[in-house]
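In what follows, a single structure is set out as structure tokens and then discussed.
Letters A, B, ... are given to chains in the order of the sequence lines, protein chains preceding strands, and every chain is numbered from 1.
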Amino acid sequence: MISLLLILLSSLFFVGIIIQTKAKIAARKMPSIFQPLSDVIRLFKKGAIYSSTTSIIFRAAPIVYFSSVLIAALFIPFGGNVGLLSFYGDFVFFAYLLAIGKFLMIIAAMDTGSGFEGMGANREALYSMLVEPAFFILAGSIALFTNNVSFQELFSNLHIVSSLSYSISVASIYVLIYIALVENSRMPVDDPKTHLELTMVHEVMVLDNSGFDLALIHIATWLKFAIYGSILANFLIKNTWSIYEQIGVYFVIQIAFAIIVGILESFKARNKMSKNPQWIIMLSAIAVVSFLTALIVAHKIILN
Amino acid sequence: MQIVLIGITSFWAIQAFATSNLIEFPFIYVLGNSISLSIDKLSAFFILVINFTSLTGLIYARGYLKPYLPKKNSTEIAFHYFNFLWLHISMLLVVMIRDALAFLIAWEIMSLVSFFLVIFESEKKETVKIGLKYLIQMHIGVVFLMIAFIIAYVQTGAAFSFDGLSVYFTSYHPFPLFLLFFIGFGIKAGFIPLHSWLPHAHPAAPSHVSGVMSGVMIKMGIYGILRVLSYIHTDLFGSGLFVLIISLVSGIIGVSFAIVQHDVKKLLAYHSIENIGIIGIGIGLGIIGLSQNMPVLAVLGFGGGILHILNHSLFKSLLFYTAGSVYKQTHTRNIEQLGGLIKKMPKTALFFLLGALAISGLPPFNGFISEFLIYSGMFQSLQTADLSVDIILLLSFSGLAIIGGLAIFCFTKVFSIIFLGTGRSDKTKNVTEVEPVMIVPDFLIGFFILLIGMGSFIIVQPLMNVVAIFTDNASILSEMTPVFNKISLSSGIFISIIGIIWILRAWQQKRHQVSVNDTWGCGYTGANPALHQYTATSYADNFAHISSKLVNVKKEYRDFTSDEIFPNERSFETHSSDIIENILVTKPANKILEFLNKIAVFQTGNIQHYLLYALVFMIIIGLLTYFNWI
């Protein structure tokens, strides 16, 4: 329960921090941290325009997408506390649940019959397919290490096993940050602030959404960021700490994550579109490194 | 007739599930030997799968064959139904007979009648050619099976039947014989590189036949492999690794080929290969689990693989039936000519979407449950396994994740190109929804897809019974029940939240203006909306680019020249060819054909020449005998 509340809370300001960081670095006047929130509230007060080409799919997709992300948030544990839903292999459910939301968003973009949205849909499909193995290898390496196969146990035992676990954490955190960026269509795979439809990925998929639907899509993006931030936080928070310490560290990590994303987006150029697949496959390769590290730590590969 | 058959055999099967022992009774007497039908849990499982898919196929055929009724005479239609019935009977016999000779005969009947079913549209030359290709490959498979049975019989002298194999496997190293069986059964199942008949036969056959063939007939190959495996108890590691690697290759390559296809049924056929791969991954891991004494991996691997047999028969037949409905109404299988059909055939479209979501392994549908079982088997075994098995597991779950991602890529493509957007040619203009009798099977199948997806705990008990044939610790599956309950709960919450937000939106939109307008086109509305849409080729292009070595897509177009100021109309075509089929089948076949053509110079049609050959032959024989060479 507590993790859900924390995720909801941190999702409210996450994107705000990113845009503030970017404004600060570009020496612009900073927008309010709640600017994204007020944008969404304004969208909720608006009507909607639907394309005449679209069908029921287009209307269903934002809702399914939002619900899938919301349910995914229920699986995330916090420190020693179990997520609202938790079972053996829940991270498999988590990954496939996010995939069904994405499936619907992709076909909804194709539903508009627009060439632009086709491009976005197709790129999104390819990138999310390529990033899938990285997540599983990462989960596998932690499962190998802790012999646990649910989110809750993965993280709670990660700290107990030994201090060596931090050697796995380094590679894992690196991969996880970039998985989060790919999943949320941020730099260096996709530039949310680009102005040309031809070079967009996620933004171009939602060109035709408006009003309530667009608001849902925005909130889902915040939630996704907050979910990945929480997973990162779980790597570092020890459940022996008091609950206040845990919550304090949690928010520090979330804010730090948001600032890192802002800094990355300010200083990094976007990848060339055709280089993206290679770049994403690299994440799987790094995940394999963490798997091998786990093998070494578990004394299955003996080094001397 | 067929209904009666379904009734009787289903009753036997359910009885076999209910009682603990084998049901066995004499069937026919051949040359004084009685051949009995025996139904254990594995047979019972397959009987139920066969019966359900044959039933839906039969209902679907009533509607699908209607346009053919005026074109074909009644004998041809009757012959078609006769073959369909016999396909059903022979598949049932295959899973019930243990005697090797009778088994091979039933197997042969199955291949033969399915050949006749495939060449239903025999007025097309291409169809007959494909049918022959299918028949020849099936016979190559039978040869391997025969050799395998004979080797076991000659070496041991035990009964010429499946049961006789157990004697062989206890006294000899099982891998060589298993390999023979695997090739024989694998041709039927369509493992890569033995798959090359599959992507041709399925598009050529009528849709109810493709549904049954892909849904259950190729599973007979899996049945054979499972049946043989149930007699092997020693030295399993090699066989398991072999099955696993072949399956991973089949899964990844199958779905990669599927992505670049334009023919919807060919695409689905490649997906059958992919799903056979997933089944094989489960079985392969199960065998490795057995050999390494890792009961969790063994039980969940076999459980996932066997459940996926059922699941695949459901969603694949659903996809073939709905794709057949589209073909019937539009007369084309080329998805590049389709588009926007969801408005004209809403029910077919939604059922196709259901099948697409299920085959991509997404919750809350049935495909997810079987993949979940395989995944949890792997993740739970990671720590207990030794290094080599860990690396095998790493490869398997990343392979499975890639397969899942590629399946999503492929089905977003095929669904959106066929059903969404604007129609791409005139063929989509006057399309209407198909008649109700063709929707009925979709409802039946859809019900089971949701039942297994949402209420997965009900399958634990039957699945445990089947898995118990292979391992002693099948009760591990019952530990999955609370997990399944949680999955059902999560799916339930998921669906109710969708419902709640839907109502919220309806309430919100009632108070605000909702209007309908054109799709955003950068402010330009002059163009024909059908023209600047994404096509199947453009959707698959970036994937085809990164996997160009494998999928081998060729583009045919004319480039612009400098003197061409006002471009004329031009065409652009892409073709993909199956690189494995080229190397393994087409090239050797062409070589043989070339050689035979050269030999054909001897066939002059001149009687004097033939007499000369006879004379030369006699002289050679005479010389050989004289020098004692033979």
Side-chain angles (χ1 to χ4, degrees), chain A residues 44 46-53 55 57 63-64 66-68 70-71 85 87-89 92-93 96-97 99-100 103 106-107 110-115 118-119 121-123 125-126 128-130 132-133 136-137 139-140 143-144 147 149 197 207-208 211-212 216 277 284 291 295 298 300-301, chain B residues 342-343 357 360-363 368 372 375-376 379-380 382-383 386-387 390 393-394 397-398 401-402 404-406 408-409 412 415-416 420-422 482-483 486-487 489-490 493-494 497-498 501-502 505 508-509 512-522 529 532-534 538-539 542-543 546:
Chain A
F44 275 127
K46 286 189 168 189
I49 304 176
Y50 288 102
S51 158
S52 53
T53 321
S55 63
I57 302 289
I63 292 180
V64 177
F66 174 78
S67 314
S68 71
L70 191 64
I71 304 290
L85 293 168
F87 49 84
Y88 256 45
V92 179
F93 193 84
Y96 276 76
L97 195 64
I100 189 175
F103 190 108
I106 291 167
I107 59 176
M110 296 294 286
D111 198 9
T112 60
S114 140
M119 277 175 215
N122 164 34
R123 288 169 188 161
L126 185 71
S128 47
M129 166 209 111
L130 291 172
E132 200 106 304
F136 278 101
I137 296 171
L144 167 70
N147 191 27
V149 277
E197 284 91 341
L207 273 183
D208 271 278
F212 194 92
L216 282 186
S284 300
F291 190 86
L295 281 176
K300 292 196 179 173
I301 296 178
Chain B
I342 193 169
K343 297 208 181 69
L357 290 170
S360 308
L362 297 172
F368 173 73
F372 179 81
Y375 272 122
S376 31
F379 283 117
Q380 290 187 34
L382 271 171
Q383 195 166 42
D386 62 10
L387 181 63
D390 264 339
L393 290 176
L394 170 70
F397 64 68
S398 21
I402 292 172
L406 286 169
I408 292 173
F409 188 90
T412 49
F415 179 75
S416 42
L420 303 179
T422 317
V483 175
K486 288 257 177 73
I487 290 180
L489 176 71
S490 314
I493 299 176
F494 179 48
I497 286 188
I498 292 175
I501 298 175
W502 197 287
R505 184 177 65 180
Q508 190 263 358
Q509 291 190 339
H512 296 281
Q513 192 197 352
V514 175
S515 52
V516 173
N517 213 322
D518 286 340
T519 300
W520 165 247
C522 273
H532 55 73
Q533 280 185 100
Y534 246 43
S538 45
Y539 195 93
N542 55 6
F543 177 76
I546 56 174

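Residues A:Y88 and B:F372 share a closest heavy-atom pair of O-CZ, 3.3 Å. Closest heavy-atom contact between A:M110 and B:S416: CB-CB, 3.2 Å.
Going from atom CE of A:M119 over to atom CG of B:N542 covers 11.5 Å, rounded to the nearest 0.5 Å. If you take OH on A:Y50 and CD on B:Q509, they are separated by 4.0 Å, rounding to the nearest 0.5 Å. A distance of 12.0 Å separates CD1 of B:I497 from CD1 of A:I63, quoted to the nearest 0.5 Å. To the nearest 0.5 Å, atoms CD1 (B:I408) and CE (A:M129) are separated by 10.5 Å.
Using a distance-only test at 3.5 Å, with no hydrogens or angles considered, no donor-acceptor pair links the side chain of A:K46 to the main chain of B:H512.
Chain B forms more heavy-atom pairs under 4.5 Å with one residue of A:L97, A:L126, A:T112 than with any other, namely A:L126. Interface summary for chain B: among A:A121, A:A99, A:P277, A:A125, the most heavy-atom pairs under 4.5 angstrom belong to A:A125. For the options B:L357, B:L393, B:L394, B:D386, heavy-atom pairs under 4.5 Å to chain A are most numerous at B:L394. With chain B as the partner, the residue from A:P133, A:S55, A:S67 showing the most heavy-atom pairs under 4.5 Å is A:S67. Your options are A:S284, A:S51, A:G211, and the one with the most heavy-atom pairs under 4.5 Å with chain B is A:S51. Considering only heavy-atom pairs separated by less than 4.5 Å from chain A, the leading option among B:I546, B:I402, B:D390, B:I342 is B:D390.
Residues A:I137 and B:F397 have side chains in contact (heavy-atom distance under 4.5 Å, counting atoms from C-beta outward). Looking only at side-chain heavy atoms (C-beta outward), A:Y96 and B:P363 come within less than 4.5 Å of each other. B:F494 places none of its side-chain heavy atoms less than 4.5 Å from the side chain of A:L70. Annotation: side chain of B:K486 is not in contact with side chain of A:F93 (no heavy-atom distance under 4.5 Å). At a threshold of 4.5 Å between non-hydrogen side-chain atoms, the residues B:I501 and A:F212 count as touching. For the pair B:F368 and A:V92, the minimum side-chain heavy-atom distance is below 4.5 Å.
Contacts of B:S538 with chain A are made by backbone atoms alone, with heavy-atom separations under 4.5 Å and no side-chain atom involved. In this structure, chain B has heavy atoms under 4.5 Å from both the backbone and the side chain of A:I100. Looking at A:L295, the atoms closer than 4.5 Å to chain B (heavy atoms on both sides) all sit in the side chain, from C-beta outward. If you measure heavy-atom distances from A:D208 to chain B, the contacts under 4.5 Å come from the side chain alone. For a residue to count as touching a neighbouring chain, one of its non-hydrogen atoms must lie under 4.5 Å from one of that chain's; by this rule A:S68 touches chain B with backbone and side chain alike. Residue contact with chain B, scored on non-hydrogen atoms closer than 4.5 Å, involves the side chain of A:I106 exclusively.
Evaluation of the ring pair (Phe, Tyr, Trp, His ring centres under 6.0 Å) rule for B:F415 yields B:F419 as partners, not counting sequence neighbours. The ring pair (Phe, Tyr, Trp, His ring centres under 6.0 Å) search around A:F103 returns none, not counting sequence neighbours.
Under the 6.0 Å cut-off for aromatic ring centres, B:Y375 and A:F136 qualify, their centroids lying closer than that.
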